[in-house]
Peer 1: 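Dropping a structure here in structure tokens format, bear with me for questions.
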Amino acid sequence: MLFKDIIGQEEVKRRLIQTVQENRVSHAQLFFGPEGSGKLALALAYSRYICCENRLPDDACGVCPSCVKFNKLVHPDIHFVYPIFSVKSGSKSLSTDFITDWRELFLDNPYFNVNDWLRKIGIENQQAIINTNDCNEIIKTLSLKSYESEYKIMIIWMVEKLHHAAAPKLLKILEEPPEKTLFILVAENTDQIIKTILSRTQLVKVPRLRDADIKDALKLKSETSEETLNYCVHHAEGNFNEALKQLIDNNQSESYFKTFSEWMRMCYAMDYIGMVKWVDDHSKIGRERMKQFFNYSTEMIRECIQLNCLRNDDVMLDAEEKSFAIKFSKFIHAGNCILIVEELNKAAFHIERNGNPKVVMMDLSLKFSNLLRM
């Protein structure tokens, strides 16, 4: 991953390159921003530029021995830690146990999200964490000398998944790291990061991608109609990973739409027997997919407000979604839209915190039955 391969983010790239050229590389940095903005890709391009043996003014050379190793993520001085699970109860699983999967996923799509990663390692229905074993391994690995490069680089992806018992182990090495050691933490939600870790890093904010940049990147991926491109970009909301998924396969959105429309009809009709069966069926889809469904539901509520309150028919929905939204929008208004979105956000929060999916979804369904009739 070179800087030139990263979509947009020109200002961030310029600042990162400048820190290397001016020898101002901070030993602990936190790259944070929304999903699909390219945080991890920037972390890799930055690491590559630091390790490159023949740096160019605006990028790594791409051909030196160091760059060749970065092409396959096998450079001996770059290390990765990410959320994983224990293969067996009580076993000491490490990120290195999943390094082959990690390399394959990144090289296929550097903009992947947590759900893509969990699916790749076969735990879509479980929660993954950065555990104590990995923190011990970080300390052990960074105590050794670098093999080839000036720096030893440790990239910790989704640092907000750091287990509370593991966090204290990182504090000392973050504050007083071995010489020529670089930590790059990558995160989406700084509110979920332990404050003592947050205070020990230099923040690098990565903004959401501009629609124009996403559209240009999608054009390189596929020859498709302008209407399809606009639809994908609109639904992506600055998230290239989501835009790419919309372009490649719309089946997931179609599935979410059918689930959402069926759910809303039952809630409005106060069909409690149907709700119980619906909750039984859909509480098994896994926590990450459930959170994605709540996000989709929030987006549909927003489109209904666009149709209803703003009287704007220029919404970016496919024909079936728009047909439903036009009819459904009369039940979404200024008196209940904020409450509905708040309940969806609370449900996603409780699922993230290991709440019982059946309880969360049934509670949400009952609340919607009242809110839709306000």
Side-chain angles (χ1 to χ4, degrees), residues 34-36 109 111-119 124-125 214 218 227-269 271 274-275 277-308 315-329 331-332 337 340-352 355 357-358 360-365 367-369 371-372:
E35 179 188 320
N109 175 21
Y111 292 81
F112 67 89
N113 62 18
V114 173
N115 194 45
D116 299 327
W117 170 238
L118 298 183
R119 189 181 300 116
E124 190 177 0
N125 293 332
I214 293 179
L218 289 179
E227 182 182 359
T228 300
L229 285 173
N230 289 336
Y231 175 85
C232 294
V233 170
H234 174 79
H235 278 266
E237 296 184 332
N239 180 343
F240 181 71
N241 188 44
E242 182 61 29
L244 194 57
K245 287 177 180 177
Q246 290 282 350
L247 183 66
I248 294 172
D249 187 4
N250 282 326
N251 289 338
Q252 189 73 294
S253 289
E254 290 173 9
S255 171
Y256 285 157
F257 165 67
K258 289 174 183 176
T259 303
F260 176 78
S261 57
E262 178 189 12
W263 184 33
M264 291 299 100
R265 288 186 179 108
M266 282 187 296
C267 289
Y268 183 76
D271 179 5
M275 280 185 215
K277 185 179 183 307
W278 184 90
V279 168
D280 251 1
D281 292 339
H282 293 89
S283 60
K284 302 170 185 174
I285 63 175
R287 295 180 183 278
E288 292 302 325
R289 282 190 62 195
M290 199 175 292
K291 287 188 288 185
Q292 283 189 338
F293 172 66
F294 290 151
N295 288 338
Y296 174 84
S297 301
T298 302
E299 184 179 332
M300 283 297 292
I301 297 299
R302 185 196 66 188
E303 297 293 356
C304 287
I305 284 293
Q306 186 85 342
L307 281 166
N308 189 23
V315 294
M316 300 300 293
L317 298 172
D318 65 28
E320 195 174 6
E321 286 176 322
K322 189 170 183 179
S323 175
F324 172 81
I326 288 171
K327 298 171 186 174
F328 182 61
S329 63
F331 304 109
I332 307 298
C337 63
I340 289 173
V341 170
E342 284 178 351
E343 291 300 335
L344 284 166
N345 289 338
K346 284 180 192 175
F349 175 81
H350 291 312
I351 290 298
E352 175 77 26
K358 283 189 179 181
V360 171
M361 296 190 85
M362 193 66 209
D363 178 65
L364 189 58
S365 300
K367 286 176 178 175
F368 277 8
S369 290
L371 288 171
L372 290 176

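Below, each value reflects all heavy atoms present in this structure, side chains not excepted, and no hydrogens, waters or symmetry copies.
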Peer 1: Please round to the nearest 0.5 Å and tell me the distance separating atom CG of Leu307 and atom NZ of Lys322.
Peer 2: 7.0 Å
Peer 1: For Lys284 and Asp280, which heavy atoms make the closest approach, and how far apart are they?
Peer 2: CE-O, 3.3 Å
Peer 1: How long is the gap from CE on Met300 to OG on Ser329, to the nearest 0.5 Å?
Peer 2: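 The distance works out to 10.0 Å.
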Peer 1: Is the ring centre of Tyr256 less than 6.0 Å from the ring centre of Phe260?
Peer 2: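 When the ring centroids of Tyr256 and Phe260 are compared, they turn out to be at least 6.0 Å apart.
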Peer 1: With side chain to side chain contact (heavy atoms under 4.5 Å, CB included) as the criterion, how do Leu344 and Phe368 come out once you've worked through the C-alpha distance, each side chain's angles and the decisive distance to 0.1 Å?
Peer 2: CA-CA 10 Å; Leu344 284 166; Phe368 277 8; 3.8 Å; yes
Peer 1: Is the Trp263 ring parallel, tilted or perpendicular to the Trp278 ring (thresholds 30°, 60°)?
Peer 2: parallel
Peer 1: Quick test of your reading of the model: are Asp116 and Lys245 salt-bridged, counting only N-O distances below 4.0 Å?
Peer 2: yes
Peer 1: Going by heavy atoms in the side chains, are Phe294 and Leu364 under 4.5 Å from each other?
Peer 2: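 Yes, close enough: below the 4.5 Å cut-off.
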Peer 1: Between His234 and Glu299, do the side chains contain an N or O donor and an N or O acceptor separated by less than 3.5 Å?
Peer 2: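 There is no such pair (donor and acceptor under 3.5 Å, judged by atom type) between the side chains of His234 and Glu299.
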Peer 1: For residues Ser283 and Met361, report the shortest heavy-atom separation together with the two atoms involved.
Peer 2: CA-SD, 4.0 Å
Peer 1: Under 4.5 Å between any side-chain heavy atoms of Phe331 and Met264, yes or no?
Peer 2: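 Side-chain contact under 4.5 Å: no.
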Peer 1: How far does CD of Glu35 sit from CD of Glu237, to the nearest 0.5 angstrom?
Peer 2: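 If we round to the nearest 0.5 Å, Glu35:CD and Glu237:CD are 11.0 Å apart.
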Peer 1: How long is the span from the CD atom in Glu343 to the OG atom in Ser297, to the nearest 0.5 Å?
Peer 2: 13.0 Å
Peer 1: Using 4.0 Å as the upper bound for N to carboxylate O, is an ion pair formed by Glu262 and Arg265?
Peer 2: no
Peer 1: Is any side-chain heavy atom of Met275 less than 4.5 Å from a side-chain heavy atom of Ser369?
Peer 2: yes
Peer 1: Measuring only between side-chain heavy atoms, which start at C-beta, is Ile351 closer than 4.5 Å to Pro357?
Peer 2: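 Side-chain contact under 4.5 Å: yes.
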Peer 1: Taking the inter-plane angle between the rings of Phe240 and Tyr111 on a 0 to 90° scale, is it parallel (under 30°), tilted (30 to 60°) or perpendicular (over 60°)?
Peer 2: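 Correct class here is perpendicular.
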